[in-house]
Amino acid sequence: MSRVQIIIPARLASTRFPAKPLAPLTGADGIARPALHYTWEAGLAAARALGGDARCVIATDDAQIADAAGSAGMDVVMTPVTCANGTERCAAALDALDTVPEIVVNLQGDAPLTPPAMVAAVVALLETDPALAMATAAVPATPAVLAHLQTDAAAGRVGGTTVVCATGGRALYFSKSIIPHVSPGTVPQQPVLLHLGLYAYRPAALAAYAAHGPVPLELQEGLEQLRFLDAGLPVGVAVCPAPAWEMIELNNPSDIPLIEAELVRRAQTEPV
């Protein structure tokens with residue numbers, strides 16, 4: 001049994017941004033590559049940071065993504081088209097692996113700016129708290145990121161996901177709205193925690209998640225992790241320090257130039 005398996009779920013049929021895993025992003029070297037390339041590099045860097053036999057694989061149901069990933073030297077497993085979200089895709093991917101890992105990490109394909117230390121943080125949280133079914137990561141939103149979220153909200157776009165936690169660090173709720181509420185132009189008394197597309201699960205929790213089936217809040221928010229809370233499965237949140245670059249996910253085409261700027265900034269501070 002391997003200790004950690006990093007799975008990068010990727011699909012072509014995104015409602016907000018179709019084919020975004022293959023959208024070209026220009027890196028610090030001035031070369032345009034598919035967005036999935038940068039998330040794959042982030043996954044490899046995380047596997048190196050975790051050490052041991054940690055591995056990384058792309059999980060997709062699309063032949064175009066599989067061909068692009070495979071031709072670039074990425075490991076790929078095919079999953080059913082019926083997977084409703086990345087967590088279900090991770091659960092399905094376990095059937096295609098040679099061995100069942102102790103911990104599964106879901107590094108979402110639209111999160112190319114995820115630093116290895118955050119992957120290590122969610123894995124460590126799951127390893128140190130046996131009561132947790134799943135662990136995820138968040139960072140306090142900087143004024144710039146909060147302004148970005150508010151600008152997107154005012155324009156009717158979803159710019160990211162936020163999370164509120166109990167005192168002990170267990171997740172209470174996730175939303176695509178900004179929670180807790182912050183009036184534009186004011187300084188929040190309670191930091192807004194920007195939730196990142198990063199999860200660590202126990203295989204048994206993935207099986208329980210798939211068996212529980214979709215729930216209304218999950219469908220209304222469009223947030224897969226709410227199914228864990230509905231099922232009464234404890235979710236821990238590792239609040240990590242923000243890296244030297246802004247944690248912007250690829251949610252909309254308008255995010256491309258912002259992410260490209262952060263790829264340059266990241267290369268200047270912490271090369272992958």
Nearest heavy-atom contact between Leu125 and Ala135 is CD2-CB, 4.0 Å
**Study point:** Within one Ile-Leu-Val-Met-Phe-Trp-Tyr cluster: Val163 and Leu226, side-chain cutoff 4.5 Å
**Key:** yes
Evaluate the ring planes of Phe174 and His195, with Trp represented by its six-membered ring, and classify them as parallel (under 30°), tilted (30 to 60°) or perpendicular (over 60°).
-> perpendicular
Subject >> Close side-chain approach of Leu198 to Leu107, heavy-atom, < 4.5 Å >> reply: yes
Sequence neighbours excluded, the answer for salt bridge (charged side-chain N to carboxylate O under 4.0 Å, His left out) partners of Arg89 is Asp61
> Under the side chain to side chain contact (heavy atoms under 4.5 Å, CB included) criterion, do Ile31 and His37 qualify, and how do the steps go?
Replying inline: CA-CA 12 Å; Ile31 299 174; His37 165 88; over 6 Å; no
Exercise for review: Go through Ser175 and Glu221 one step at a time and tell me if the side chain to side chain donor-acceptor pair (under 3.5 Å) criterion holds.
Suggested key: CA-CA 6 Å; Ser175 181; Glu221 287 269 13; 2.9 Å; yes
Could you tell me whether the side chain of Glu260 and the main chain of Thr26 form a donor-acceptor pair under 3.5 Å?
yes
Any donor-acceptor pair under 3.5 Å from Lys20 side chain to Asp110 backbone
no
Side-chain contact, heavy-atom cut-off 4.5 Å: Pro243 with Met118? yes
So CG of Leu113 and CZ of Arg266: to nearest 0.5 Å the spacing works out to 5.5 Å
d(Gln108 CD, Thr114 OG1) to nearest 0.5 Å is 9.0 Å
Residues Asp62 and Leu12: closest non-hydrogen pair is OD1-CD2, 3.5 Å
For the pair Asn252 (side chain) and Asp255 (backbone), establish whether a donor and an acceptor sit closer than 3.5 Å, ignoring hydrogens and angles. no
Legend entry - Side-chain heavy-atom pair Asp75, Cys56 within 4.5 angstrom cut-off: no
Nearest heavy-atom contact between Trp245 and Pro115 is CZ2-CB, 3.7 Å
Note to self: Is there a side-chain contact between Met134 and Leu233 in this structure, where contact means two heavy atoms from C-beta onward sitting under 4.5 Å apart?
What the structure shows: no
query: Is Leu217 close to Asp230 at the side-chain level, that is, under 4.5 Å between some pair of heavy atoms?
result: no
- prompt: Would you find a donor on one side and an acceptor on the other, under 3.5 Å apart, between the side chain of Tyr209 and the backbone of Glu224?
  reply: yes
In short, Leu196 meets Thr136 closest at the heavy-atom pair O-OG1, 3.9 Å
Closest non-hydrogen contact found for Asn106 with Thr87 is ND2-N, 3.9 Å
_I'd like to know if the side chain of Asn85 reaches the main chain of Leu223, judged simply by a donor and an acceptor atom lying under 3.5 Å from each other, with no hydrogens or angles considered._
no
Shortest non-hydrogen pair, Ala28 vs Leu263, comes out as CB-O, 4.1 Å
**Request:** Would you mind reporting whether Arg11 and Val81 have side-chain heavy atoms less than 4.5 Å apart?
**Result:** no
Are the side chain of Thr162 and the backbone of Ser177 linked by a donor-acceptor contact shorter than 3.5 Å?
yes
